[in-house]
There are 2 protein chains.
Amino acid sequence: MAARLGVVSVVQAIVKSLRARIFSGELAPGTPLGEVDVAAHYEVARPTAKAALENLVASGLLTRNAHQTARVTLLSSRDARDIYRTRAIIEAEAVRLLASKRQVPAAARDANAEITTLADASPIDIIDPDIRFHAALVQALESQRTSAIYAQLTDEIRLCMTHVQDATLLSTQDIAAEHARLLQLISEGEAAKAAKALEEHLQTASSKLAEHLESL
Amino acid sequence: MAARLGVVSVVQAIVKSLRARIFSGELAPGTPLGEVDVAAHYEVARPTAKAALENLVASGLLTRNAHQTARVTLLSSRDARDIYRTRAIIEAEAVRLLASKRQVPAAARDANAEITTLADASPIDIIDPDIRFHAALVQALESQRTSAIYAQLTDEIRLCMTHVQDATLLSTQDIAAEHARLLQLISEGEAAKAAKALEEHLQTASSKLAEHLESL
DNA sequence: AATACGGGAATTGTCTAACAAGTACACAAG
DNA sequence: CTTGTGTACTTGTTAGACAATTCCCGTATT
C-alpha cells in the first residue's frame, strides 16, 4: 500500500476540508453552500468548487436540486432509521462470521476500552471510538466492497451525530457495556445471540436518535 | 412522486448512454475512454465529458488513475467473488424478512416465470429478468439506502455479465428451479433454509463466474 | 544483449471568462 | 386571496489555455 500523501488533487482537498467542517458542526445541517461561496472561501475556480460539491452530494452529505444551491443534508427521523437499519444488516453479518470463528477483533476491543476511559467526557468524544468499534467488526468480513459501502454509511452516521449536537442520548457506560457483552458473545461462539444483541443495540440507538430528530 | 422526464442534464444523458453501451458489450472491459474522445463523440465540451466519466468512475464501471485515461473496468475473479459476497449479505437479509412474513413478492414470481419461458433463448436474455428477480427481493426491505446500495451493486453485476459475454455458465432451467425453490421456502416461512438456499445459489454462480474470469 | 536514462507526445488537472437556462422570490394586478 | 410577471441569483455548459504528470520509445551505457 502506497503511503497516503496529503493532497493529490485540489478537489479532493476541498472535499476533505468540507467534510471535516460538516462533521465538526461548523457547517450545521441546512447551511447553504453555493458554488461561488466555496470557490471564494478556498480561492479556487468555480468549476473546482463545483466538482467538490458534486462529490459531497453523491456521498449524501449535501443535498441539491437542479439549479438550487446545495445545503448540508438535513436528516429526518425516517432517514436515521433507514441508516441504522442498513448498517445493522452489514454489521450483523460481520458479527455472525466473527462468532462462528470465535474471533474477537483486537481493534474493536481497543476501541471499546477507550470508550470506558472516557466515561465522564463530552458525548462528542465517544463518537470516534464508537465508530472505530463498529468499523472493526465490518473489517472482519474482509470484503473490499462491503467496507467501502460501510465507509459511505459512516459518513451519514457522523452526519446524524451533528444533528443531536451535544445532547446525551445514551450513557457512555451503557454503550460500553453493550459492546462488551457483544464481544463476549462473539468469543463464546454464540452467533445468533451476538447478532441479536447487535441489532438491539443499534435499534435502541436508532429509536433515541429518531425520537430526538422528530423533536426539532 | 414527480414524473420522471427524459433528460434533465447533458452529463446525465451521457452517463446513461455510456452505461448502456458498456452493458451492451459495445464498450468491452479494458476499452479506453479518453475525455476528448467522449467529448468528440457526443459533441460536448471536455469538462462535460469529464464530469460524465467521473460519475462512472465513482460507480465502478470505469477505472482511472491520476493522469491516465479511463478504461472500462476489468474485473478480476477476486472482484467477482467480492461482488457476489456483498450482494449475498443484502439479499439474505431480505429473504429472511420475507420468509418471516411468508410474503412472496409478486414481482419476483413474475420475473422467474419470464425466465422459464426463455428456456431456449440466448443467455443474454435471462440477465434482465434474473436481475429483476433479485431486485424484487431486496425491494422488500423497504429501505431507501439498501436499495440504492443494491442498485449500485447491480451495475457491477451487469459488468460481470459482459465479461463472460455469451458463455453459458449455468443452465436457464437450473436457475429458474433454484429461484422457484427459494420462493417456495419463503412461502413456507423457512427463514433459515431460504437464506441458506439463496447463499448457495449465489455461491455457485460466483464460483462459475470466478472460474471463467481466471481462464482469461 | 539487457538495462538505465532522458526526451517528447499525449492525457489529465485546473483556471479564467463568458453565456445560457432554470428557479425562487417579491411585487403587482385581477 | 389567487394569479401572473419580472427580476435577481444560482447553476449548467461551453470555449480556450496552460501546467503537471504519465507513458512510451529511442538512445546510450554497462
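Bear in mind that the values here come from a model prediction, so they are computed numbers and not experimental data. Naming convention: chains lettered A, B, ... in sequence-line order (proteins, then strands); numbering from 1 in each chain.
OP1 or OP2 of C:dT23 has not a single side-chain nitrogen or oxygen of A:R64 nearer than 4.0 Å. Phosphate contact (OP1/OP2 of C:dG13, side-chain N/O of B:K50, threshold under 4.0 Å): present. Remark: B:Q68 is in phosphate contact with D:dC23, judged by side-chain N or O atoms under 4.0 Å from OP1 or OP2. The side chain of A:S9 contributes an N or O atom lying less than 4.0 Å from OP1 or OP2 of C:dT14. Applying the 4.0 Å criterion to OP1 and OP2 of C:dT11, one finds that B:R71 has every side-chain N and O outside that range.
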Between A:Y150 and A:E91, does the side chain to side chain donor-acceptor pair (under 3.5 Å) criterion hold? Intermediate values first, please. CA-CA 9 Å; A:Y150 190 78; A:E91 294 186 36; 2.6 Å; yes
Do B:D79 and A:R145 pass the salt bridge (Lys or Arg N to Asp or Glu O under 4.0 Å) test, and can you show the C-alpha distance, the side-chain angles, and the key distance before you say yes or no? CA-CA 9 Å; B:D79 287 320; A:R145 277 161 184 81; 3.5 Å; yes
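What separates CD1 of A:I14 from P of C:dG13 is a distance of 15 Å, to the nearest Å. We find that CG of B:D37 is positioned 7 Å from P of C:dT11, with the value rounded to whole Å. Atom CG of A:N65 is separated from atom C1' of D:dC9 by 16 Å (rounded to the nearest Å). Regarding A:Y42, its OH atom lies at a distance of 21 Å from the P atom of C:dG13, rounded to whole Å. In this entry the distance linking CD of B:E43 with C1' of D:dT14 reads 14 Å, nearest Å.
Two residues are said to be in side-chain contact when any heavy atoms from C-beta on lie closer than 4.5 Å; B:R71 and B:T31 fail this criterion.
Other residues, nucleotides and ligands place more than 12 heavy atoms under 6.0 Å from the CD atom of B:E114.
On a pure distance criterion of 3.5 Å, no polar donor-acceptor pair joins the side chain of B:R46 and the base of D:dG16.
Along DNA chain C, the nucleotide nearest to A:A49 and the one nearest to B:H67 differ in position, and the one closer to the 5' end is contacted by B:H67.
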